[in-house]
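Comments concern the structure below.
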2 protein chains.
Amino acid sequence: MSEKTTIYDIAKELNISAATVSRALNNNPKISESTIKLVMDTAAKMNYKQNRLAAALRSGKSGNIGVIVPRINTNFFGSVIRGIEEELHPNKYNVIICQTHEDENREIENINTLLDAQVDGIMISITNESKKNEKIIHRVLEKNVPLIFFDRKKNIDGVSSITIDDFKAGYIATKHLIDQGCKKIAHLCGDQSLEIYENRFKGYQKALLDSAIPFDNKYVIHSKSNIEDGIAATNKLLQLTPPPDAIFSASDFAALGAIQELKAHGIQIPEDFCVVGFGNEPFTKFMELSISTIDQSPLEMGKMTAKVFLEQMNNTEDFKMEKKIVLNPILHIRKSSSRNDL
Amino acid sequence: MSEKTTIYDIAKELNISAATVSRALNNNPKISESTIKLVMDTAAKMNYKQNRLAAALRSGKSGNIGVIVPRINTNFFGSVIRGIEEELHPNKYNVIICQTHEDENREIENINTLLDAQVDGIMISITNESKKNEKIIHRVLEKNVPLIFFDRKKNIDGVSSITIDDFKAGYIATKHLIDQGCKKIAHLCGDQSLEIYENRFKGYQKALLDSAIPFDNKYVIHSKSNIEDGIAATNKLLQLTPPPDAIFSASDFAALGAIQELKAHGIQIPEDFCVVGFGNEPFTKFMELSISTIDQSPLEMGKMTAKVFLEQMNNTEDFKMEKKIVLNPILHIRKSSSRNDL
DNA sequence: TACGTTTGTGTAATCGATTGCATGATTTGA
DNA sequence: TCAAATCATGCAATCGATTACACAAACGTA
């Protein structure tokens, strides 16, 4: 009834050996055309489905790859995963997803789980730069399991990564604000132990420097990626003398909080104050006062990550391949920073 | 060097049989305490990691479950998957994700892929009600692979499902508009071959009926879940005589399009026109003119789905279990429909 | 002392597909 | 006509963990 047919069933049916069936199903050139056809037809007739677990055990390839992200229900990570899945699907790989919730212990646990499950590769956006997970990363490499970083990476020799140019992103966002005539530009920065936020910050500083605007540390406020932190940070900034006249936020959510607070203070945007966010979250476009922001091309990032993985898998040469791909950030200029009526 | 240790390596090291090692690692009560301790310690020392593929092949349980959704980079599906993952993770299941892009052939292919991969269960939000995928669903059931529907289901005996009460959602949304004094309420409905949209529509009709408001089919416009369709539909509606004074949209995105178009026509919201959307997309809350909408508790839905799956897995009794869980929709009243200054 | 239990381990089969090596059949060439 | 080459297929081991069954040792009881 619901019993699954194996190659042995087919073999018995045709009075041949299971080995021949296996080879026929894999189009092995050693097998005669007629036998191949016969086996194929019988397999179809008997509704044969390969048990990939068995093949996986034998070959050591599970056909699964693991993707580790802080969380999946955000536009950014959801889109990256979508890109990865769409690229790997035609290549017969399944995508297993894990969440870390920014917890490095969880990250280590996830990596171990994926290794136990014999995944053929791991794609990860790490939680932070702590040394704690350095060890496990090396364990992965020792096992020769392809590892690829996307967005949040570590600098480890021999490991490929797909990121965006966060420095440039910070630079063009800040430069844009300067071009709008802003003189005192504040920055809501993220966790500086993460390279991405560090680079956005550096880009911001460099843009100021290039325009001969003095950098002032009091205009830099650390805030997490949420509305509340954006509000709190803006409150602090408005109490300074002089207060800033623009904000480059490393997060769209913090930017949104900033805008809400600025409005609450009766400040006109963009006339009196400009804001640029980061991430191109869907809502930034939909608001009546649409928010200028940096697009990270997450779908593209996911596809690239998958492509690099496939390339490494197909690399039969006897050398390690390391590819560092840096995507170009795209500034979307919207109302929150458009003084020139674009 | 990077060779993985197996139970045979441990067995050889301790001069015992692999069977004993296996039993010890699984805390089999037949094995003496001292041996268990010895094996455990040696396993740790030799950095042993179970090869789950081998265990999976033997036991027929892969430890993976498949989740099929139209796409993952939306707030709704992303959140459902998050809920599923969080609930299954502690139970040592991995989550494999597949996307259908609303294509039923892709759906069938995904199910086959998951079956081939020997997943221990499938959770799916189907693309539509066509008969085409009926057959494959039954194939899954015949194979005794637990199958659970979430959000978009089919009515099939013996299959559990977790949904929200779309009828009630349509009802309370419409009733709310009526309570705001709206008399001519239009409905932007979705694909009526999907039960969810059909029920929202029915709830809308029932609310009208209960308030003795005549149902008028010309106020019902079919539109997909995107801004453009919302704009187009609203345009059509505004050309009617008399035009409606409210819209209940089965999608937040269409509602957003509607609002944009209403504004373009200089119509005051909520004074002259009220709008209620569906889905509680993040942007609905963030807009200056925040959008009233129905929350579907996607995280909760995901967790419930996983719980029902676990319950079925742990059900050792000799009977089939069918559980139909219907979550309560929550109306979030926001500015787009608040005439009473809430 | 003799026999039935209990306890702890080992042997070997099993899950299903793959593959190196062996073998028998057929063809080629001299 | 026979050796060599080619071709198609079978045998059996393998991947690593699990488990039914067998069995020896230790223990208890009459």
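Chain A is the first sequence line, chain B the second, and so forth, proteins listed ahead of strands; every chain is numbered from 1.
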Can you tell me how far P of D:dT18 sits from CG of B:Leu53, to the nearest Å?
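Distance check: B:Leu53 CG to D:dT18 P gives 12 Å.
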Phosphate OP1/OP2 of D:dG10 contacted by A:Thr20 side-chain N/O (<4.0 Å)
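A:Thr20 to D:dG10 OP1/OP2: side-chain N or O found under 4.0 Å.
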For DNA chain C, what residues of residues 23-35 of chain A have any heavy atom nearer than 4.0 Å?
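Result for residues 23-35 of chain A: A:Arg23, A:Asn26, sorted by number.
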Base, sugar-phosphate or nothing for [X]? Non-hydrogen atoms, less than 4.0 Å.
{"X": "A:Ser22", "value": "base"}
{"X": "A:Ile16", "value": "sugar-phosphate"}
{"X": "B:Ala19", "value": "base"}

Under 3.5 Å side-chain donor-acceptor pair for [X] and [Y]:
{"X": "A:Asn133", "Y": "A:Glu107", "result": "yes"}
{"X": "A:Ser32", "Y": "A:Ser34", "result": "yes"}
{"X": "B:Glu109", "Y": "A:His89", "result": "yes"}
{"X": "B:Lys49", "Y": "B:Asn47", "result": "no"}

Chain A on DNA chain C: first and last contacting nucleotide, 5' to 3', under 4.0 Å to a heavy atom?
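That gives a stretch of C:dG16 to C:dG20.
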Side-chain contact test, heavy atoms from C-beta onward, threshold under 4.5 Å: evaluate it for A:Asn51 versus B:Gln118 and give yes or no.
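Side-chain contact under 4.5 Å: yes.
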A side-chain contact here means heavy atoms from C-beta on lying under 4.5 Å apart; do B:Ile72 and A:Ile72 qualify?
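They are not in contact (no side-chain heavy atoms under 4.5 Å apart), so the answer is no.
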Check A:Lys153, A:Arg152, A:Lys154 against A:Glu195 for a salt bridge (charged side-chain N to carboxylate O under 4.0 Å, His left out) and give me the one that passes.
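It is A:Lys153, the one option of A:Lys153, A:Arg152, A:Lys154 that forms the salt bridge (charged side-chain N to carboxylate O under 4.0 Å, His left out) with A:Glu195.
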Can you work out whether B:Ala18 or B:Leu57 has the more 5'-proximal nearest nucleotide on DNA chain C?
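Upstream on the strand: B:Ala18.
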With nearest nucleotides of DNA chain D determined for A:Ser17 and A:Tyr8 from heavy-atom distances, which residue corresponds to the more 5′ nucleotide?
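Whichever sits nearer the 5' end wins; that is A:Ser17.
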B:Lys37/B:Asp41 ion pair, N-O < 4.0 Å:
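Salt bridge present between B:Lys37 and B:Asp41.
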